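Remarks on the structure that follows.
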Amino acid sequence: MLTKINHLGVAVTSIEEALPFYRDTLGMNFAGIEEVPSQLVKVAFLSIGESKIELLEPTSPESPVAKFLEKNGPGVHHVAYGVQDIEATIARLVAGGTRMIDTAPRNGAHGARIAFLHPKSSNGVLTELCEVHQGSH
Ligand code: CMX
């Protein structure tokens with residue numbers, strides 16, 4: 001069902017301020033910034049080998065990431081798993097009693113189709129399913 005960890009999401013108050021640590025101090029490859037209006041966030045992508053980090057900066061006080069920062073401060077926000085068939089994975093999770101935030105996929109950054117599980121159903125870890133197609137990240 002899951003193929004690998006696709007990325008870790010890290011909530012930051014400012015991508016501009018956080019980026020030098022990941023890009024310059026850790027030496028990760030910086031692949032650009034994209035706004036995801038449906039999630040009210042701006043996202044910076046960094047990679048090292050197969051592994052990716054997304055820095056998430058809220059674009060509105062209504063953003064889930066703004067609420068997370070208010071409550072917890074900056075830090076790890078979610079774990080995203082790659083899946084081959086997101087509809088089938090959602091259906092399997094729902095059938096098993098998992099509480100989903102998204103019962104239908106929505107568009108994430110880089111053309112991926114994504115869906116979040118509720119952290120109450122995943123031991124307090126906000127969990128994302130991520131169906132990525134060839135040519136996107
Ligand atoms: N990790 C773990 N727990 C989280 C969390 C996170 N990232 N965000 C919220 N929670 C917890 C809260 O601590 C709270 O727990 P308690 O009830 O024990 O206090 C509970 O979830 C409800 O949180 P809330 O602050 O009251 O906020 P909301 O109910 O308004 O929203 C949630 C919570 C998870 C439904 C919402 O944040 C959401 O829909 N998240 C998914 C979408 C998202 O985060 N998008 C940004 C990522 C963009 C991308 O990668 O593309």
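Whatever order the structure lists ligands and atoms in, that order sets their numbers, starting from 1. All values reported here derive from a predicted model rather than from experimental measurement.
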Between Phe68 and His78, is there a side-chain heavy-atom distance shorter than 4.5 Å? no
Rounded to the nearest 0.5 Å, the CD1 atom of Ile5 sits from the CD atom of Glu128 at a distance of 12.0 Å
### Neighbour count above 12 (heavy atom, 6.0 Å) for Glu16 CD
no
Residues pairing under ring-ring contact (aromatic ring centres under 6.0 Å, His included) where one sits in residues 10-41, two or more places apart or in two chains, turn out to be none
Exercise. For the residue pair Tyr81 and Lys4, establish whether any side-chain heavy-atom pair is separated by less than 4.5 Å.
Key: no
Shortest non-hydrogen pair, His7 vs Cys130, comes out as CE1-SG, 4.4 Å
Show me a pair-per-line table, with atom names and distances to 0.1 Å, of protein N or O atoms that are under 3.5 Å from an N or O of ligand 1.
from, atom 1, to, atom 2, distance (Å)
ligand 1, 7 (N), His77, O, 2.9
ligand 1, 7 (N), His77, NE2, 3.4
ligand 1, 13 (O), Lys71, NZ, 2.8
ligand 1, 17 (O), Lys120, NZ, 2.9
ligand 1, 18 (O), Lys120, NZ, 2.7
ligand 1, 19 (O), Lys71, NZ, 2.6
ligand 1, 30 (O), Lys67, NZ, 3.3
ligand 1, 45 (N), Gln39, OE1, 2.6
ligand 1, 50 (O), Glu54, OE1, 3.3

